[in-house]
A.B. asks: 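Here's a structure for you.
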Amino acid sequence: MDNTAIPMSSPDLTGAEIEAVNDVLRTPYLSIGPQLEGFEQAISSFVGVKHAIGVNSGTSGLHLAVIAAGVGEGSYTGQDGRPDLVVTTPFSFVASANCILYQRSIPIFVDVERATGNLDPALVVEAVHDLLSGGRAARRWLPPSLRDGQEALGKLKAILPIHAFGQPADMDPIVEAGARHQLAVIEDACEAIGAEYRGRKVGTLGDAAVFAFYPNKQMTTGEGGMIVTGNSVWAELFQSLRNQGRDVFDAWLNHSRLGFNYRLDELSAALGRAQMGRIDELLARREQVASWYDERLAAVDLVERPHLAPTTSRMSWFVYVVRIKPPASRDDVMQTLASEGIPTRRYFSPIHLQPFYREQFGYDRGDFEVTEFLGDVSLALPFSGVMTESQVAQVCERLRAAVGLARER
């Protein structure tokens, strides 16, 4: 048994990545250079989409995609100042909703499927219909604090599903609803590079998608993200927006629109480019670790393993999240594991119950029952592509014991 400390996550790096970064330091290009172009080409080729635009985080990428979808236009132009609407999920990392608020617009939360934690497509279709119909039907989808003032709201502009934990959302009904009502569909694929839905890679399903490369992701650039799209107009807009609004035809220090400093630097791009050279290996390593967990937890009472939907052709393992079933308590299990040196995390804490969203929009428990259930029982175990089989065995052994103790309390 490996008794060394088990980290929550670890990047999978080799000498090739170190050398790639060192090589950049021997050049005069530290920003907007050949490494970024090469990294973008590598992502474009892997995903199978025409354009890839590097940015400094997944959050930045989502923000730019929301702008491209026309969300919040009134806020900046002064046309009417009414906040637009975007249908999205409350079971996610908070960035997927925050990027809508950046545009002075409103995330419209729709509850998720219990099995996967991804948006419930039937509820998405219902919400889109009701919001576009207006009146009393639309009011029930609005945040509690806005239900008495819906006449002051703007248009429904987009749908933003997340591929939670690396599993694709059920996209066909969502994309169909978007196409029927001329709504943009933005894939939050920040946790899902390489995942496939009905044989199609995520990133090719909506109008644009965003990947993220934080150190705990399947591949990393340290900090960084990538927008992918088949829309050439959007691609040019993304290139401008990430660089303070400067267009390709603009002279030095001339800027055509309000933009941002969302550029991805050459050091990060070089690291990402080297990681992309190993992407199949990186994904396979994580799949192997997940299979070790699956095997060892199959017979553990009160522990529910991740569920793969029939529409998932390939899972891209970002994290390994189990559910602790009653009468055991997830939080008691966490506390016991922590006392024994095993780190775990709650995944996710529902967005609508975050302090800011409670205060701003009046949300409370009971608003999204499935999301809240998942938030109460989900537990992310230590996971990375560099975990050993003995480390997985150690986590599983201690998890089994911790669940037993929690059951007795």
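Just so you know, residue 1 is the first one in the sequence shown, and it goes up from there.
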A.B. asks: Cut-off 3.5 Å, side chains only: do Ser92 and Thr89 have a donor facing an acceptor?
C.D. replies: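 There is no such pair between these side chains.
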A.B. asks: Any side-chain donor-acceptor pair under 3.5 Å between Glu187 and His163?
C.D. replies: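 Side-chain D/A pair, Glu187 to His163: present.
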A.B. asks: Hydrogens and angles aside, do Trp141 and Asp130 bring a side-chain donor and acceptor to less than 3.5 Å of each other?
C.D. replies: yes
A.B. asks: Could you verify whether a donor N or O on one side chain and an acceptor N or O on the other, from Thr116 and Gln167, lie under 3.5 Å apart?
C.D. replies: no
A.B. asks: Compare all side-chain heavy atoms of Met171 with those of Pro161 and state whether any distance is below 4.5 angstrom.
C.D. replies: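 Heavy-atom side-chain distance check passes, below 4.5 Å.
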A.B. asks: What class does the angle between the rings of Trp317 and Tyr320 fall in, given that below 30° is parallel, 30 to 60° is tilted and above 60° is perpendicular?
C.D. replies: parallel
A.B. asks: For the residue pair Tyr347 and Phe165, categorise the inter-ring angle as parallel (less than 30°), tilted (30 to 60°) or perpendicular (more than 60°).
C.D. replies: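 If you compare the ring of Tyr347 with that of Phe165, the planes turn out perpendicular.
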A.B. asks: Compare all side-chain heavy atoms of Ile324 with those of Leu399 and state whether any distance is below 4.5 angstrom.
C.D. replies: yes
A.B. asks: Are Asp12 and Arg278 ion-paired here, with the side-chain N under 4.0 Å from a carboxylate O?
C.D. replies: yes
A.B. asks: Below 4.5 Å, heavy atoms only, C-beta onward: do Asp172 and Arg198 meet side chain to side chain?
C.D. replies: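 Answer yes - side chains close enough.
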A.B. asks: Does a side chain donor of either His63 or Gln103 reach within less than 3.5 Å of an acceptor in the other side chain?
C.D. replies: yes
A.B. asks: Classify the side-chain pair Ser31/Glu266 by whether it contains a donor and acceptor separated by less than 3.5 Å.
C.D. replies: no
A.B. asks: Do Lys201 and Phe46 form a cation-pi contact, if we require the NZ or CZ to be under 6.0 Å from the six-membered ring centre and within 45 degrees of the ring's axis?
C.D. replies: yes
A.B. asks: Rounded at 0.5 Å granularity, tell me how far CZ in Arg242 sits from CD1 in Ile32.
C.D. replies: 7.0 Å
